[in-house]
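Here, residue 1 is the first one in the sequence, and each next residue gets the next number.
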Amino acid sequence: MEPFVSKDKVEGYMRFLGFHNCIANENGKIWCFWTIGCQTTIAANEEQQITVNFKDNTDEVGVFVNVVYAKSSSNERRDLWHSLEITSNLVICPWCVGEDFNAILDEEEKLGGRPYRASRSFDFALYIKHCDLVDAGYIGETHTWCNNRRARKRIWKRLDRILINDLWIQRFQSNSVRHLVRTCSDHRPLLMKCHAGQQQVIKYFRFLDFWVEQTSFKDLVRATWMTEIRGNPLWRLQQKLKLLSKALSHWSKEVVGDVFLKISEWETRVQRLEEIDFSTNDAQSRKNLNKAHAEYISLVLQCIPRCISDEENFLLTVIPEEEEIKETIFSMNPSSSAGPDGYNGTFYQR
């Protein structure tokens, strides 16, 4: 991810998102989060990529994951290709490389702007070949990035992808990559799921904060809590919480509806509006899409549990000081893609 805030705040976001471990690369452009349950070793921490080795107690080698945020300049990307080729010569286990490569492979991965030139994809294609990697494929819209300019200057590209080696395919027979809906970013998030075989899905209870806003919530909790249970205090507490979790789950489906189904429906709706905007490319379609994005984000935020204190939230939302803004601007890549206003880093730094 490209956070646009100081990497010193990565631990605050880790707690907010409910993860247990985190790391930011040396220039703060890449943030990685993961949960406990595995041993991790940071094999490389560079300007354009982070390499992490994950393994458990039953596996001496584990898997390697490279998270990439490539430079926009083809000359600077050569440093990344060289670094990843070195990694490929050292890795003898399942290997996955993914995210923003800032490069495309063929003309079908670009829409709008100047005509595609195959020569600009040569280095990227050569790197994939030398490292014996294959594209994991995707579900959803082809293009993962948009410059968000007005209709005639709008450009779409597939800059984000996930590549895997043969050993990864042997370890995980089932791999799926979904291009999710763009919300606050000019990139689509990629959701990758992989497992060794058919696994039974176990659904665990999770309390949702917005339940407390429902008028019948307290009555349900009160009625369930009045259930008589015999035993010592800890046993009674455990059993009442167990009963309450079942009651809340049933009540939520009956009164509120299936929250996760609603999110899925909203994703489909936003996806459809993106397709309309993609084909019509006018002001009204963009207005409808932006409104749907805002409503979708509001729904998703209601389902995120509160994991940080008010003090931490204040630090994360405080207006940055002038010196911090200056430091962020001057840490930008001068030749990176311009924002919606058309200006890139070079303008602001000079």
Side-chain angles (χ1 to χ4, degrees), residues 1-4 13 17 29-33 48-50 65-72 77 96-113 116 121 124 128 134-151 153-164 175-194 260 262-281 285-301 303-304 336-340:
M1 60 182 295
E2 187 179 7
F4 290 111
Y13 280 94
L17 296 171
K29 298 286 183 159
I30 304 173
W31 288 12
C32 297
F33 304 93
Q48 299 186 72
Q49 63 105 359
I50 289 180
V65 177
N66 278 81
V67 184
V68 171
Y69 179 48
K71 299 283 189 179
S72 57
R77 284 198 298 270
C96 173
V97 188
E99 254 312 316
D100 184 3
F101 289 93
N102 246 320
I104 61 175
L105 288 174
D106 57 57
E107 62 181 348
E108 293 182 356
E109 296 182 349
K110 180 182 180 182
L111 182 68
Y116 164 76
S121 302
F124 186 29
I128 295 175
V134 295
D135 196 314
Y138 62 90
I139 301 170
E141 287 295 312
T142 297
H143 307 96
T144 63
W145 171 86
C146 178
N147 64 353
N148 293 322
R149 301 281 189 88
R150 61 179 182 270
K153 293 190 175 182
R154 195 171 303 163
I155 300 173
W156 297 80
K157 291 182 181 180
R158 186 193 176 198
L159 299 182
D160 310 85
R161 70 187 73 228
I162 293 177
L163 307 172
I164 52 181
N175 293 278
S176 68
V177 178
R178 183 177 294 275
H179 292 175
L180 301 179
V181 173
R182 291 189 311 120
T183 50
C184 301
S185 172
D186 50 3
H187 289 261
R188 294 182 186 273
L190 305 188
L191 174 62
M192 182 179 188
K193 294 183 179 181
C194 51
F260 301 102
K262 285 185 177 181
I263 292 177
S264 179
E265 291 173 348
W266 264 100
E267 287 180 346
T268 302
R269 179 181 176 184
V270 174
Q271 189 78 40
R272 186 169 62 250
L273 289 173
E274 282 190 343
E275 292 172 358
I276 295 173
D277 180 56
F278 189 81
S279 59
T280 60
N281 206 9
S285 65
R286 176 50 57 96
K287 180 181 178 180
N288 294 338
L289 178 59
N290 289 339
K291 181 181 178 181
H293 275 158
E295 294 176 352
Y296 170 71
I297 293 172
S298 177
L299 175 63
V300 171
L301 288 176
C303 302
I304 298 177
S336 62
S337 299

Nearest 0.5 Å, please: how far is [atom2] in [Y] from [atom1] in [X]?
X	Y	atom1	atom2	answer
Ile164	Asn175	CD1	CG	4.5 Å
Phe124	Phe101	CZ	CZ	5.0 Å
Glu99	Leu163	CD	CG	11.5 Å
Gln48	Asn102	CD	CG	9.0 Å
Leu191	Leu180	CG	CG	5.0 Å
Asp100	Trp145	CG	CH2	10.0 Å

- prompt: Should the ring pair Tyr138 and His179 be called parallel, tilted or perpendicular, given that the plane angle runs from 0 to 90° and is split at 30 and 60?
  reply: parallel
- request: Answer yes when Arg158 and Asp135 have at least one side-chain N-carboxylate O distance shorter than 4.0 Å, and no when they do not.
  value: yes
NZ/NE/NH1/NH2 to OD/OE distance under 4.0 Å, Glu109 and Arg161: yes
Are any non-hydrogen side-chain atoms of [X] and [Y] less than 4.5 angstrom apart?
X	Y	result
Asp160	Arg188	no
Cys146	Asp186	no
Leu105	Ile128	yes
Val177	Met192	yes

message: Could you report the tightest heavy-atom contact between Cys32 and Val67, atom names first, then the distance?
response: SG-CG2, 3.7 Å
Closest non-hydrogen atom pair, Thr144 against Leu159: OG1-N, 3.1 Å
message: Checking the side chain of Ser121 only, and the main-chain atoms of Ile104 only, is there a donor and an acceptor separated by less than 3.5 Å?
response: yes
- request: Show your reasoning for whether side-chain contact (heavy atoms from CB on, under 4.5 Å) applies to Glu108 and Thr142.
  value: CA-CA 9 Å; Glu108 293 182 356; Thr142 297; 6.0 Å; no
message: Name the residue from Arg154, Arg182, Lys153 that meets the side-chain hydrogen bond (donor to acceptor under 3.5 Å, both in side chains) definition with Asn148.
response: Arg182
- request: Identify, with sequence neighbours excluded, every residue that meets side-chain hydrogen bond (donor to acceptor under 3.5 Å, both in side chains) alongside Arg77.
  value: none
